[in-house]
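Note sheet for the following structure.
What you are looking at is a predicted structure, and each value in this text was computed from that prediction instead of being measured.
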Amino acid sequence: FFEGSTVELEASTEILVAALAINETGSTNIELTQLLGRTISRVNKLTDSASTFNIETPSAIAAVRGSVMTVTVATNGNTVVTNEEGDIRVIVEGTEYPISEGMQRTIAPGEVPSAEVPIVPPGGYPPILQARLEVTMQAPAEAHAGEVITYTYSLSNIGDLSFNSILASDNVSGSAP
């Protein structure tokens with residue numbers, strides 16, 4: 001932008017430029033509307049108190065005053081605003097909610113923002129917990145005609161979540177042709 005700030009757009013991000021102005025006093029007004037996707041804003045420090053840099057989403061307005069902020073909008077309008085550095089606030093129904101450096105807030109349409117939580121660390125999100133069951137079957141190495149073969153099944157939880165009330169059954173029984 002003309003005052004040196006930048007906004008990076010990730011693929012499939014939808015934004016509109018609602019206002020882009022320098023008024024006669026020298027203050028700047030940058031207003032974006034983000035409908036979907038993820039943006040990273042690097043905003044030069046706004047020294048004039050009348051200057052604004054805001055991103056409006058379906059859930060909130062993210063206001064910046066010289067900072068690095070990420071705004072992510074999901075298809076349902078849920079918005080996550082992170083403060084990587086500087087002075088970031090979200091405004092919902094006229095009430096400002098600050099976001100401390102290294103923190104983020106989630107806002108659902110029509111709701112107040114969540115409490116601040118730490119930004120997911122570099123390197124990605126924590127692993128997704130899964131329930132995983134490993135089934136192994138053991139049988140004798142040899143069998144002779146007419147002999148009963150006994151199979152042994154073992155069930156092992158190799159996932160991150162606990163299992164409760166597992167029922168295992170064998171629906172294949174009888175003799176071979």
Side-chain angles (χ1 to χ4, degrees), residues 1-133 157-163:
F1 294 98
F2 45 79
E3 50 38 288
S5 296
T6 63
V7 175
E8 294 176 34
L9 308 176
E10 288 195 356
S12 301
T13 297
E14 296 177 18
I15 67 165
L16 302 168
V17 177
L20 186 60
I22 301 174
N23 61 35
E24 50 283 339
T25 63
S27 62
T28 59
N29 180 22
I30 299 170
E31 304 284 334
L32 305 175
T33 301
Q34 184 172 332
L35 306 172
L36 183 66
R38 185 169 186 252
T39 58
I40 302 168
S41 301
R42 289 177 178 80
V43 180
N44 289 338
K45 185 160 181 64
L46 302 177
T47 55
D48 182 346
S49 63
S51 292
T52 59
F53 189 109
N54 295 335
I55 298 178
E56 185 173 352
T57 75
S59 303
I61 298 170
V64 186
R65 298 218 43 92
S67 311
V68 178
M69 160 182 82
T70 302
V71 176
T72 306
V73 180
T75 54
N76 63 1
N78 285 353
T79 301
V80 177
V81 179
T82 67
N83 182 354
E84 296 179 31
E85 173 187 314
D87 183 8
I88 308 284
R89 300 166 189 283
V90 291
I91 303 166
V92 177
E93 296 183 12
T95 303
E96 287 192 11
Y97 300 85
I99 303 175
S100 305
E101 285 189 11
M103 303 297 274
Q104 69 183 31
R105 287 187 188 263
T106 301
I107 311 97
E111 302 289 328
V112 297
S114 69
E116 292 181 306
V117 296
I119 295 173
V120 175
Y125 294 94
I128 296 172
L129 300 179
Q130 308 178 29
R132 293 181 55 207
L133 187 63
N157 180 358
I158 60 170
D160 305 312
L161 300 175
S162 298
F163 284 100

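S100 places no side-chain N or O within 3.5 Å of a backbone atom of M103 that could act as its donor or acceptor partner. No donor-acceptor distance shorter than 3.5 angstrom exists from the side chain of T82 to the backbone of V80, with no hydrogens or angles considered. Counting only distance, with no hydrogens or angles, the side chain of E56 and the backbone of A62 share no donor-acceptor pair below 3.5 Å.
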* Asked: Given the rule in the side chain to side chain contact (heavy atoms under 4.5 Å, CB included) test, do V90 and E96 qualify, once you have shown the distances and angles that lead to the verdict?
  -> CA-CA 6 Å; V90 291; E96 287 192 11; over 6 Å; no
* Does the side chain to side chain contact (heavy atoms under 4.5 Å, CB included) test come out yes or no for L35 and I15, once each step is laid out? -> CA-CA 6 Å; L35 306 172; I15 67 165; over 6 Å; no
* Asked: Can you list the steps and then say if N83 with V81 is a side chain to side chain contact (heavy atoms under 4.5 Å, CB included)?
  -> CA-CA 7 Å; N83 182 354; V81 179; over 6 Å; no
* Run the numbers on T52 and N29 for side-chain hydrogen bond (donor to acceptor under 3.5 Å, both in side chains), then give the verdict. => CA-CA 5 Å; T52 59; N29 180 22; 2.6 Å; yes
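Between N54 and I30, every side-chain heavy-atom pair lies at or beyond the 4.5 Å cut-off. In this structure the side chain of I55 reaches within 4.5 angstrom of the side chain of S41, judged on heavy atoms. Here the side chains of V92 and P113 are in contact, with some heavy-atom distance below 4.5 Å. Between V73 and N78 the shortest side-chain heavy-atom distance does not fall below 4.5 Å. Within the 4.5 Å cutoff, the side chain of Q34 has heavy atoms near those of the T39 side chain. Using a 4.5 Å cut-off on side-chain heavy atoms (C-beta onward), T75 and L36 make contact. The closest side-chain heavy-atom distance from T79 to V71 is below 4.5 Å. The closest side-chain heavy-atom distance from Y97 to R89 is not below 4.5 Å.
Using modelled atom types and a 3.5 Å distance limit, the side chains of S67 and D87 yield no donor-acceptor pair. With no hydrogens or angles considered, no side-chain donor-acceptor pair links S59 and E111 at under 3.5 Å.
Contacts of T25 classified as side chain to side chain donor-acceptor pair (under 3.5 Å), with partners at least two apart in sequence or in another chain: N23, S27.
Heavy-atom minimum distance, I88 versus M69: CD1-CB, 3.3 Å.
Residue pairs satisfying the salt bridge (charged side-chain N to carboxylate O under 4.0 Å, His left out) criterion with at least one member in residues 6-33, sequence neighbours excluded, are listed as follows: E8-R42, E10-R38.
Taken from CG in N44 to CZ in F53, the straight-line distance is 9.5 Å, to the nearest 0.5 Å. Interatomic distance, OG1 of T33 versus CD1 of I61, reported as 9.0 Å (0.5 Å rounding).
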